[in-house]
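Right, one structure below, let's go through it.
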Amino acid sequence: MAMDIPTLRKLVSLDENDPLSRFALGKKLFELQPTPEAVGEAAGHLRFANERAPEHLATYHILGQVLIQLAERDEARRVL
């Protein structure tokens with residue numbers, strides 16, 4: 001079941017330390033709102049998720065794409 005951004009924001013607000021909720025919100029922001037602000041916010045959520053759940057491989061893929069979009073190539077290389 002796909003969730004929208006407001007629903008994902010609510011999930012994150014219920015437990016800000018949940019890396020999977022932060023991953024889901026970051027991914028959705030990157031996919032649906034490719035504005036510089038949304039991509040920057042997505043990067044924050046994805047970095048958090050990657051730091052807290054390094055075993056979640058999908059985070060590396062999406063975070064790498066976000067960092068490329070933000071022209072943060074060195075960090076993107078490290079992540080990918």
Side-chain angles (χ1 to χ4, degrees):
M1 176 173 130
M3 291 193 219
D4 60 8
I5 290 173
T7 302
L8 291 168
R9 286 190 189 285
K10 185 172 183 176
L11 279 176
V12 168
S13 74
L14 293 173
D15 183 2
E16 292 183 5
N17 292 314
D18 178 27
L20 294 180
S21 294
R22 300 280 292 264
F23 165 78
L25 177 55
K27 182 176 185 280
K28 188 65 78 170
L29 284 166
F30 179 60
E31 292 174 346
L32 296 182
Q33 295 183 349
T35 65
E37 296 81 18
V39 174
E41 181 184 349
H45 291 297
L46 293 164
R47 284 178 174 125
F48 178 93
N50 187 245
E51 183 178 298
R52 297 289 173 98
E55 71 281 359
H56 189 250
L57 300 180
T59 304
Y60 291 93
H61 176 71
I62 302 300
L63 178 55
Q65 291 179 34
V66 167
L67 293 170
I68 290 167
Q69 183 79 22
L70 292 171
E72 296 184 22
R73 290 177 178 82
D74 290 338
E75 187 178 358
R77 282 186 190 98
R78 182 189 61 74
V79 167
L80 294 171

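Using a 4.5 Å heavy-atom cutoff, the side chains of Val39 and Phe30 are in contact.
The OG atom of Ser13 sits 10.5 Å away from atom CG of Leu25, with the distance rounded to the nearest 0.5 Å. Note that the CG atom of Leu57 and the CG atom of Asn50 stand 10.0 Å from one another [nearest 0.5 Å]. Interatomic distance, Arg9 CZ to Ser21 OG, rounded to the nearest 0.5 Å: 13.0 Å. The structure places CG of Leu46 at 6.5 Å from OG1 of Thr59, a figure rounded to the nearest 0.5 Å. Note that NZ of Lys28 is 7.5 Å distant from CD1 of Ile5, once rounded to the nearest 0.5 Å.
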Show every donor-acceptor pair shorter than 3.5 Å between a side-chain atom in residues 63-72 and any protein atom, with sequence neighbours excluded, or say none if there are none.
residue, atom, partner, partner atom, Å
Gln65, NE2, His61, NE2, 2.5
Glu72, OE1, Arg47, NH2, 2.4

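Heavy-atom minimum distance, Arg22 versus Gly44: NH2-O, 4.2 Å. Between Ala42 and Gly26, the shortest heavy-atom distance links the atoms CB-O, 3.3 Å.
Under the side-chain hydrogen bond (donor to acceptor under 3.5 Å, both in side chains) criterion, Lys27 pairs with Glu31, not counting sequence neighbours.
Side-chain atoms of Tyr60 come within 3.5 Å of backbone N or O of Pro54 as a donor-acceptor pair.
One hydrophobic cluster holds both Leu8 and Leu32 under the rule that ILVMFWY side chains link at heavy-atom gaps under 4.5 Å.
Not less than 6.0 angstrom separates the ring centroid of His45 from the ring centroid of Phe23.
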